[in-house]
Amino acid sequence: MDEKNIEKLSENEIDPRLHFDALMGGVKDGGLRSVNSIYLTVCYIVENINGKVTKEVIPQAMSEGGLANYFEVTDAIGKLIKSGTLIENEDGVLSLNKNTRADIELVEKDLPYTVRERSIRLVQKIIAKEKYRRENEAEISKNENGYDVILNISDGDTEYMRLKLFASTVEQAEMIKEKFLTDPAKVYEAVISGIFQNEE
């Protein structure tokens with residue numbers, strides 16, 4: 001980070017030493033235990049998924065993956081935006097300012113490889129999931145015996161598959177919906193493979 005931006009952060013937030021000062025609620029073993037490491041990881045994510053990630057996606061990804069506490073990540077992003085280290089465009093997409101971009105290349109080695117790899121993978125998973133949610137649909141409706149889960153795979157104006165499944169409980173229906181939206185293509189491929197698997 002450049003000196004002007006650094007001055008806007010508190011001493012504890014910019015101290016290069018990794019104090020174990022971050023909230024650990026929901027964080028798994030190997031997760032980020034210092035505020036400083038959360039700042040670095042957020043910047044690393046923004047730099048390596050440039051033009052594609054929003055301030056809502058990063059906390060969701062890092063908390064769902066047990067990498068860092070949701071509130072710590074949200075707080076870090078807010079302060080990084082306020083300091084000018086991160087820039088948020090009108091669509092909510094984040095980017096690094098020019099000075100920070102150069103600095104991140106120097107400090108990213110301070111983050112363990114597993115943290116770097118895991119953080120990018122978690123964010124890419126959330127981005128893909130959001131993309132699938134926009135392009136594909138999963139609806140739940142109550143029936144006399146339980147619930148219908150209607151799964152729809154489409155691409156623009158073309159509808160490739162519309163599938164209705166029965167679920168006995170709303171919890172089961174929600175699980176089917178979430179699993180489908182995580183990877184609709186996998187569901188489609190499984191159905192097609194099942195149809196043609198017995199052909200010579």
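Values in this document were obtained by computation on a predicted structure and should not be read as measured data. Values below: every heavy atom of this structure, side chains too, minus hydrogens, waters and symmetry copies.
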key: Same apolar cluster: V73 and V93, side chain cutoff 4.5 Å   = no

task = Looking only at non-hydrogen atoms, find the nearest pair between Y70 and Q60 and report the distance.
result = CE1-N, 4.0 Å

ask   = Checking side-chain contact (heavy atoms from CB on, under 4.5 Å) for the pair K79/Y39: CA distance, chi angles, key distance, verdict?
value = CA-CA 9 Å; K79 290 176 179 175; Y39 280 105; 3.3 Å; yes

ask   = In Å, rounded to the nearest 0.5 Å, how long is the span from CZ of R162 to CD of E137?
value = 7.0 Å

request  = Group every Ile, Leu, Val, Met, Phe, Trp and Tyr by side-chain heavy-atom contacts under 4.5 Å, then state whether I127 and L94 land in the same group.
outcome  = yes

message = According to salt bridge (charged side-chain N to carboxylate O under 4.0 Å, His left out), does anything in residues 83-97 pair up with another residue at least two apart or in another chain? List the pairs.
response = K55-E88

task = Run through N48, V46, V57 and flag the one making a side-chain contact (heavy atoms from CB on, under 4.5 Å) with V123.
result = V57

remark   = When rounded to the nearest 0.5 Å, the distance separating CG of L181 from NZ of K179 is 12.0 Å

inquiry  = If I compare all heavy atoms of I38 with all of A76, which pair ends up nearest, and what's the gap?
reply    = CG2-CB, 3.9 Å

message = Please report the interatomic distance OG1(T114) to CZ(R121), rounded to the nearest 0.5 Å.
response = 10.0 Å

task = May I have the step-by-step check of side-chain contact (heavy atoms from CB on, under 4.5 Å) for N36 and L40, ending in yes or no?
result = CA-CA 6 Å; N36 192 59; L40 289 177; 4.0 Å; yes

ask   = Which heavy atom in F166 sits nearest to a heavy atom in N145, and how many Å separate them?
value = CZ-O, 3.7 Å

note = Heavy-atom nearest pair, G84 first then N97, reads O-ND2, 2.7 Å

query = Residues in side chain to side chain contact (heavy atoms under 4.5 Å, CB included) with L122, at least two apart?
reply = A61, L67, R118

query = Which pair of non-hydrogen atoms, one from C43 and one from L96, has the smallest distance, and what is that distance?
reply = O-CD1, 3.7 Å

key: Minimum heavy-atom distance between A138 and F180, given as atom pair plus value   = CB-CD2, 3.9 Å

query = With K164, which residues qualify under side chain to side chain contact (heavy atoms under 4.5 Å, CB included), at least two apart?
reply = D148, I150

query = How far does CD1 of I120 sit from OG1 of T41, to the nearest 0.5 angstrom?
reply = 9.5 Å

key: Main-chain N/O of E159 paired to N152 side chain as donor or acceptor, under 3.5 Å   = no

task = Please report the C-alpha distance between E47 and Y44 in whole Å, then the side-chain angles of each, then the deciding distance to 0.1 Å, and finally whether the side-chain contact (heavy atoms from CB on, under 4.5 Å) criterion is met.
result = CA-CA 5 Å; E47 171 63 7; Y44 178 79; 5.9 Å; no

